[in-house]
Number of protein chains: 2
Amino acid sequence: MIDTTDLTRNQDLVFKALVDAAVPLSAYTILDRLRDSGLRAPLQVYRALNTLCEKGLVHRLESLNAFVACARPDCHRHETVAFAICDQCNQVSEFSDTEVEARLDAWVRGREFRAERTTIEIRGTCKGCAG
Amino acid sequence: MIDTTDLTRNQDLVFKALVDAAVPLSAYTILDRLRDSGLRAPLQVYRALNTLCEKGLVHRLESLNAFVACARPDCHRHETVAFAICDQCNQVSEFSDTEVEARLDAWVRGREFRAERTTIEIRGTCKGCAG
DNA sequence: TTTGGAAATGTTATAGCATTACATGACTTG
DNA sequence: CAAGTCATGTAATGCTATAACATTTCCAAA
């Protein structure tokens, strides 16, 4: 279980904003929602987001330039996580697949490539929105 | 084989710039390199890039906000492609893995999620740069 | 041949995302 | 209490992408 008690004030505000939203938010949207709480500049948000990403509490979605609270705060061990992102309702399903990880790992090891970060994002339409 | 003969002037300029570079370029970097050829505004580049991506001649790298010429111009099927990106030398290796595709497809089908675009990007250090 | 529509282009302005640079404050540890 | 580290505050800037609108090009149908 990740420890969320040692977050600083700004980190806590940003994290709670993302948890409340339940969908990905851009840094500037987060800023807008936290102006009443005292945040005034983008950098305050970006700094908090960086720390939260490092802790595994938040994920960055590259294809959206947005951030989402980790769905599994009890399980930040999986380095590689995949996301299914609904372009209609913005909801994100987070999952991991050891076989996918293994195949990608096999490929990079075969080329002696040292992987640091892996992004897997599937954009589309969720069951509910496809009707 | 993809037909590159029906490209418009701007599309051709942008495509050749990417082929020449051999590494990913941002839209603004492309613009800078093509000012002498007559391009003056970002939108000229973005429009060309959009068309080239649709044709499968160019890939967008989400984690870099950059674009790279497709490594396999003989294969314009819009299949899922993965990229290994070296953060040192910027070189990109493009590959596809049917097993990875199958696993991701199985996951989304299980949730009745309709996938439109899949991004797989591995950031790290290549063999040569790891020394 | 003309005409009308689709696609491409050109241009300006603006919106949205992210970082640099520098100053200040808070807390810890020797 | 001094030094160091980490978080914060603020302003300015730079990078990425699109909106809106005018114009041009080209080709096919009348």
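Atoms considered below: every heavy atom in the structure, side chains included; atoms not considered: hydrogens, waters and symmetry mates. In what follows, chains carry the letters A, B, and so on, assigned in the order in which the sequence lines appear, proteins first and then strands, with residues in each chain numbered from 1. Note that the structure is predicted; figures quoted are calculated from it, not measured.
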Would you tell me if any nitrogen or oxygen in the side chain of [X] comes within less than 4.0 Å of OP1 or OP2 on [N]?
X: B/Arg60; N: D/dA17; answer: yes
X: B/Gln44; N: C/dT9; answer: no
X: B/Arg47; N: C/dT11; answer: no
X: A/Thr8; N: D/dT8; answer: yes
X: A/Ser26; N: C/dC17; answer: yes
X: B/Asn50; N: D/dA17; answer: no

[X] [atom1] - [N] [atom2] separation (whole Å):
X: B/Leu13; N: C/dT9; atom1: CG; atom2: C1'; value: 13 Å
X: B/Glu54; N: C/dA7; atom1: CD; atom2: P; value: 12 Å
X: A/Arg9; N: D/dT8; atom1: CZ; atom2: P; value: 9 Å
X: B/Leu39; N: C/dA8; atom1: CG; atom2: P; value: 15 Å
X: A/Asp12; N: D/dA7; atom1: CG; atom2: P; value: 14 Å
X: B/Asn10; N: D/dT25; atom1: CG; atom2: C1'; value: 13 Å
X: B/Leu31; N: C/dT12; atom1: CG; atom2: P; value: 13 Å
X: B/Glu62; N: D/dT16; atom1: CD; atom2: C1'; value: 12 Å

Taking the six-membered ring for Trp, are B/Phe83 and B/His59 ring centroids under 6.0 Å apart?
->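 Yes, close enough.
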
Mapping A/Leu64 and A/Leu43 to their closest nucleotides on DNA chain C, which lands nearer the 5' end?
->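 Looking at DNA chain C, the more 5' nearest nucleotide goes with A/Leu64.
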
First of B/Ala48 and A/Ala66 reached from the 5' end of DNA chain C, by closest nucleotide = B/Ala48

Nearest-nucleotide 5' precedence on DNA chain D, A/Thr51 against B/Phe67 | A/Thr51

Student check: side-chain heavy atoms of B/Leu61 and B/Val92 closer than 4.5 Å | yes

Taking the six-membered ring of A/Trp107 (Phe, Tyr or Trp), confirm whether the NZ or CZ of A/Arg111 is under 6.0 Å from its centre and within 45° of its axis.
-> yes

Heavy-atom count check: over 12 atoms from other residues, nucleotides or ligands less than 6.0 Å from [X] [atom1]?
X: B/Glu101; atom1: CD; result: yes
X: A/Asp36; atom1: CG; result: no
X: A/Gln91; atom1: CD; result: no

Shortest side-chain distance from [X], nucleotide among [options]:
X: A/Arg40; options: D/dT8, D/dT10, D/dA17; result: D/dT10
X: A/Asn65; options: C/dG10, C/dC17, D/dA7; result: C/dC17
X: A/Gln11; options: C/dC17, D/dA7, D/dT18; result: D/dA7

Looking at C/dA15, does its base get a donor-acceptor pair with the side chain of A/Tyr28 below 3.5 Å?
-> no

Check every strand shown and say whether B/Ala27 touches a base, only sugar-phosphate, or nothing at a heavy-atom separation below 4.0 Å.
-> nothing

